Amino acid sequence: MAIAFESLYSDCAGRCGKLTVGKKTIKTPALLPVINPHLQLVTPKEMQQMGVEALITNAYIFSQSNQFRARALEEGLHKVLDFDGVIMTDSGSFQLSVYGQVAITNTETLSFQRDIGSDIWVPLDIPTSPAADRETTERELAVTLQRLTEAKEVFGSDAPIAGPVQGGIFEDLREFSGLKVTELGFSFCAIGAVVPLMESYRYRDLVKVVMAAKRTISPSACVHLFGAGHPSMFALATAMGCDLFDSAAYALYAKDGRYLTAHGSYRIEELADLPCACSVCRSNTAEELRSAPDRERLLALHNLYVTLAEISRIRQAIVDGTLWELVDERCRGHPQLLSGYRALLGYAPVLAEHDRVSKRRFFYRGDESCRRTEVLRYQQQLARLRLGKSVLVVIDGKSTEGYDDTLFFRPPFGPYPAELRETFPIGPCELPEWDDAMVRQGCRGIRALADSHPGSRIVLSCSPVWAGFIRQELGDMETADDAV
Ligand SMILES: [Zn+2]
């Protein structure tokens, strides 16, 4: 019954992998649509036909429902929902966060989830709001950890139980929570209570708490980001190492007349046309969709299609090694997402440790690209170059004889020897015309080279076009006679 996760491809901290639960295996990253048994705009069967391999439903709703409780216990959840993929169940923690209390205990909800045949069970953790003060957050975290300990003791270490990671807005508490969940042996971790951050567009804070939790969660654990539903933030969350998302957004937005895209959402009234390739949008005009009697269902279908397509796009980007570019593109859809992206770039030294060596390409997309992991890694590795006593770095000037070694220059990376001309990142790096940001970053590469080779005399060769700028950046370094 145990839960196992295997990463097959990685890019930044993002993974493409396999999550195995009992005898079932699903591909990750994955979206688990939220199913409310009382209200199904799209049925689980239809979702399965759309490629959904796993979904999430609320065990608490089943346990409190006259209509579904007995049936779920007798026939099992998969039969009731008519879905034979992976079903994860939430415990009622969400209700706890909204209503302040639930009529069920930790062991009761876990027993119930087991008895209805759920594939992944969630204990009754306490989702502490980001608005909570430190004392409250610490107190609630202690209760959550006590319940996770109880879950392992009562149901055994192999039970398919998710380990929620709480800690509110406090990074050290998220880190501590991740550590405890890992020590308790959870191979499936769910980062919780981040919905209020996403609802108020606090992506910078989201990056901080997720990165704090990721510091201590085992790299071999599957990480679920609870309540992450808008496709525009999936790439960012994946780059941090989140593998699973669950979303009620496709249905909630549909009920509210909102049309999701990977860049943001529209009110259906605003749409003059339907910018999407799904069957709903190709067989309806915007006007037809607005006035359709089953508008909510059609919108929910569309919303689910675009959400699933975004997950597929992310998987492809990870295989290609172009996840940073997708994150860059998506995060320009909203200034607060851009703020989150910039915050994530601040973690480049940590992310670079996980980043892979070779990728399909590097597309320069402006200042932010200078701070990417590939640039950082490249500049760190310059220390390994074996160089003679005199080294000419040809920035954009002439190459002259008389030096032990000649290096060329590729911003934003910096100096490179001719033999690296074709390899990643120098070869498959596509740049527009040089700009100040990329050349400045490239100069940092030259500086790193000089610092790591104190026995080599580094001489720069640049044309008049960049000579002034280079002098500002590297004014203390020697330039070739004919440079300026
Ligand atoms: Zn569509």
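Indexing begins at 1, ligand by ligand and atom by atom, following the structure's order. Note that this is a predicted model, so its numbers are computed, not measured. Here, residue 1 is the first one in the sequence, and each next residue gets the next number.
- Between His302 and Tyr259, the two ring planes are parallel [angle under 30°; tilted spans 30° to 60°].
- Pairs engaging residues 5-18 under the salt bridge (charged side-chain N to carboxylate O under 4.0 Å, His left out) rule: Glu6-Lys18, Asp11-Lys359, Arg15-Asp243 [sequence neighbours left out].
- Of all protein N, O or S atoms, those under 2.8 Å from the Zn ion (ligand 1) number 4.
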Side chains of residues 225-239: which donor-acceptor pairs under 3.5 Å do they make with residues two or more places apart or in other chains?
{"from": "His230", "atom 1": "ND1", "to": "Ser232", "atom 2": "N", "distance (Å)": "3.1"}
{"from": "His230", "atom 1": "ND1", "to": "Ser232", "atom 2": "OG", "distance (Å)": "3.0"}
{"from": "Thr238", "atom 1": "OG1", "to": "Phe234", "atom 2": "O", "distance (Å)": "2.7"}

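- In this structure, Leu141 and Thr128 have side chains that are not in contact, with every pair of non-hydrogen atoms separated by 4.5 Å or more.
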Could you list the donor-acceptor pairs under 3.5 angstrom formed between side-chain atoms of residues 27-36 and any protein atom two or more places apart in sequence or on another chain?
{"from": "Thr28", "atom 1": "OG1", "to": "Gly17", "atom 2": "N", "distance (Å)": "3.1"}
{"from": "Thr28", "atom 1": "OG1", "to": "Gly17", "atom 2": "O", "distance (Å)": "3.4"}
{"from": "Asn36", "atom 1": "OD1", "to": "His38", "atom 2": "N", "distance (Å)": "2.9"}

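- Around the CZ atom of Phe424, the shell of radius 6.0 Å holds more than 12 heavy atoms that belong to other residues, nucleotides or ligands.
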